[in-house]
2 protein chains.
Amino acid sequence: MPQQPPTITDVAREAGVSKGLVSFALNDRPGVSAETRARILEVARELGWTPSLRARSLSTGRSFACGLVLGRSPDVIAADPFFHSFIAGLEDEFSMSGQVLVLAVATPGRQESETYRGLAVDKRVDGVIVTDLRAHDPRLELVDRLGLAAVTLGVPDAETPFSSVSVDDGAGIHAAVRHLSDLGHRRIAHIAGPDGMLHARTRRQAFESAAAEFGLVAASVETDFSAAEGAAATGALLDGDAPPTAIVYSNDHMAIAGLGVARRRGLSVPGDLSITGYDDTEIGRYVNPALTSVATDAREWGRVAARTLLGAIEGHDAVNVRLNEPTLTVRESTGPAPTDTRGDRRDR
Amino acid sequence: MPQQPPTITDVAREAGVSKGLVSFALNDRPGVSAETRARILEVARELGWTPSLRARSLSTGRSFACGLVLGRSPDVIAADPFFHSFIAGLEDEFSMSGQVLVLAVATPGRQESETYRGLAVDKRVDGVIVTDLRAHDPRLELVDRLGLAAVTLGVPDAETPFSSVSVDDGAGIHAAVRHLSDLGHRRIAHIAGPDGMLHARTRRQAFESAAAEFGLVAASVETDFSAAEGAAATGALLDGDAPPTAIVYSNDHMAIAGLGVARRRGLSVPGDLSITGYDDTEIGRYVNPALTSVATDAREWGRVAARTLLGAIEGHDAVNVRLNEPTLTVRESTGPAPTDTRGDRRDR
DNA sequence: TTGTATGCGTTATCAT
DNA sequence: ATGATAACGCATACAA
């Protein structure tokens, strides 16, 4: 007959105590004499007993799972290498503590709020990681009302009861602008993500303040982070009266699309136009010219976010963790500003 | 006081029956009179009772979750838009049946077999989707031994007790080769994925047989699907005695890297070299020239895979589902073969 | 056709 | 201080 795995009852019987006491011994709770505890643990070891996750889940109300809701448009998210590394980082921690990562995808047919609610029903997850923070993000109140623990990636623009883990996106953009300024560029532009997304806004603001700091003529264009809009924005900028000599993109994906646009117009990169990306994707290193880009340690971000969320689930106080600054890797897509006749006369 | 949600006991008491009967009525099991069943369901509706997932999970041994293990190297997978669309498709089905998707990532520090085992311990998932099938894939025996239900993406090269959902990768490659043949190309090459991966092998074999069918001189190079190896393989081919006039890549990522290599050598695409990708990524449409590519309906694949897996979990017989053929989208990266002096004399 | 007992780990309550 | 007991929520084998 198929040997059933041992249960707490087997251990209790073998050790000559009650089920409750076995549980107390296992969980290091007071009220068990050292001697009894040792005997119980020894019996458990002999029998090879480990408590059933499902039974624990029933009696504690915990699911031992954490949720990640992806809400961006498919095209944009699919190309974002951030998520795979980030998820690997989450798993580095979760797999060590017996947690599991539940992935949910919000689509046009399945609203984001519905997706969160679905995870909260029956407490399918103990907590969630909230990414791509938006202005006055309605998800934060929702998650709070649903009774889920949470950690946000980036600092929200309002008070929340949640912990946050963030990197200084602004520092990465600042480094890119300084690099371009050092190369002699005077008219630069930023192709930003949606201003309603906090990290996109942070990058835009950092771009504008860095441009001011270095005395540059600057313009920003808002996009949805997609290659399509990145290409369109690039075209619009190059069609302007005084086109920029350098463009700082808010992701590699748009930068590569921008590269295509520049080439179609016969512009040399970086001869006529310098380009910087963000994310430092693998493919960015193999296009021609190889992309100068800003990199964040996504895996470490995932590890820290997971640890922070687990702390929150265990009832720790909210904390705001700040990670190392992103770094700029200079490759071939940035070079000295062209020395043509057009001065830096106009803003737009 | 915080009103507790109603339990099966409340329903039983209110309906004047036992807990067991409520359970039978809810699950449409025989042995309950139509009249009693109706009364029980009515009471349940009035009380707003829904059975506790955790209690169900404990008593049935099901977890109401399915697992997806990602095992490819981070760089490759991150750039693969297939997965996001595929996952969205999985969720289309899972979210409708109260299932949840558990994502696990195998990394150099956490072997694939360990990852599967982690999902099987305590039956954290009822079944798994096995992607990127390999030759004599050891995961299939492992999954079987772990007692998990499973569905494979693609048809394994050995008998398994599992269902499969597949697309005819070969048809996509065949279409690409025919397209190139029609354009007059006679020396073509294929930059393939690892031959140990069944879909990569299928594509290579389809390439070779299509090349033979059209009387072309063909060469294949094996890579790991990464941009780095795609670039290296492209360089090696172009350095050969009789370089190909067209290259069929096994993914867009490598095709874009190959484009970079060609450009660095001053080759015009498609003037001197035609290029086709696979996956039809968004970014491929915005590089210059825009990529001719083969597309699969990944979301539909996900939906069908989810349905098939749920069937397997419920004990249905194994089935082998075949999806629609992939389609070739012609853009700018393919054109007439160059009419230079070199004949099609040599193979590789 | 319907009721009962059992299983799973945790914890509130009770008994030494 | 130390330990036992019962209840929780659901499904199901079995008894009636």
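Scope of the values below: all heavy atoms of this structure, side chains included, with no hydrogens, waters or symmetry mates. Predicted model only: the values in this text are computed from it and were never measured. Throughout, a chain's letter reflects where its sequence line sits, starting with A, and its residues are numbered from 1.
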Asker: Output the rounded distance in Å from CG (B:L21) to P (D:dC10).
Answerer: 15 Å
Asker: Send over the distance from A:I8 CD1 to C:dT11 P, rounded to a whole Å.
Answerer: 11 Å
Asker: Any non-hydrogen side-chain atom of A:R54 less than 4.5 Å from a side-chain atom of B:S63?
Answerer: yes
Asker: To the nearest angstrom, how far is B:R13 atom CZ from C:dG3 atom P?
Answerer: 15 Å
Asker: Measure CG/A:L58 against C1'/C:dG7 and give the value in whole Å, please.
Answerer: 11 Å
Asker: In whole Å, what is the span from the CZ atom of B:R29 to the P atom of D:dC14?
Answerer: 13 Å
Asker: Return the nearest nucleotide to the side chain of A:N27; candidates are D:dT12, C:dT10, D:dA11.
Answerer: C:dT10
Asker: Are OP1 or OP2 of D:dA11 and a side-chain N or O of B:S59 less than 4.0 angstrom apart?
Answerer: no
Asker: B:S23 side chain N/O closer than 4.0 Å to the phosphate oxygens (OP1, OP2) of D:dA11?
Answerer: yes
Asker: One thing to verify: whether B:R124 and B:D122 come together as a salt bridge, which I'm taking to mean a side-chain N less than 4.0 angstrom from a carboxylate O.
Answerer: no
Asker: Just call it for A:V17: base, sugar-phosphate, or nothing, with non-hydrogen atoms closer than 4.0 Å on any strand.
Answerer: sugar-phosphate
Asker: Can you identify which nucleotide, out of D:dC10, C:dG9, C:dT2, has its nearest atom closest to the A:T7 side chain?
Answerer: C:dG9
Asker: Just compare C:dG9, D:dG9, D:dA11 and give me whichever is closest to any side-chain atom of A:S52.
Answerer: C:dG9
Asker: For B:D10 and D:dC8, what is the distance between atoms CG and C1' respectively, to the nearest whole Å?
Answerer: 12 Å
Asker: What contact category does A:R54 fall into here, base, sugar-phosphate, or nothing, at under 4.0 angstrom with non-hydrogen atoms?
Answerer: nothing
Asker: Give a yes/no answer on whether the side chain of A:W49 brings an N or O atom under 4.0 Å of OP1 or OP2 in C:dG9.
Answerer: yes
Asker: Find which nucleotide of DNA chain C each of B:F24 and A:L53 is nearest to by heavy atoms, and output the residue with the more 5' nucleotide.
Answerer: B:F24
Asker: Mind calculating the distance between CZ (A:R62) and C1' (C:dG9) to the nearest angstrom?
Answerer: 14 Å
Asker: Do B:R62 and B:S57 meet the criterion of a side-chain donor-acceptor pair at a distance under 3.5 Å?
Answerer: no
Asker: How far apart are the C-alpha atoms of B:R139 and B:S113, what are their side-chain angles, what is the distance that settles it, and do they pass the side-chain hydrogen bond (donor to acceptor under 3.5 Å, both in side chains) test?
Answerer: CA-CA 7 Å; B:R139 294 174 298 170; B:S113 60; over 6 Å; no
Asker: Base, sugar-phosphate, or nothing: which does B:S33 touch, judged by heavy atoms less than 4.0 Å apart?
Answerer: sugar-phosphate
Asker: What do the steps show when you test A:R145 against A:E141 for salt bridge (Lys or Arg N to Asp or Glu O under 4.0 Å), and what is the final call?
Answerer: CA-CA 6 Å; A:R145 220 173 45 232; A:E141 204 222 336; 3.5 Å; yes
Asker: Of the nucleotides C:dT1, D:dC10, D:dT12, which one has an atom closest to the side chain of B:T60?
Answerer: D:dT12
Asker: With nearest nucleotides of DNA chain D determined for A:T36 and A:K19 from heavy-atom distances, which residue corresponds to the more 5′ nucleotide?
Answerer: A:T36
Asker: Take atom NZ of A:K123 and atom P of D:dC8, then tell me their distance rounded to the nearest Å.
Answerer: 21 Å
Asker: Would you tell me if any nitrogen or oxygen in the side chain of B:R56 comes within less than 4.0 Å of OP1 or OP2 on D:dC10?
Answerer: no
Asker: Can you identify which nucleotide, out of C:dT4, D:dA4, C:dT2, has its nearest atom closest to the B:V32 side chain?
Answerer: C:dT2
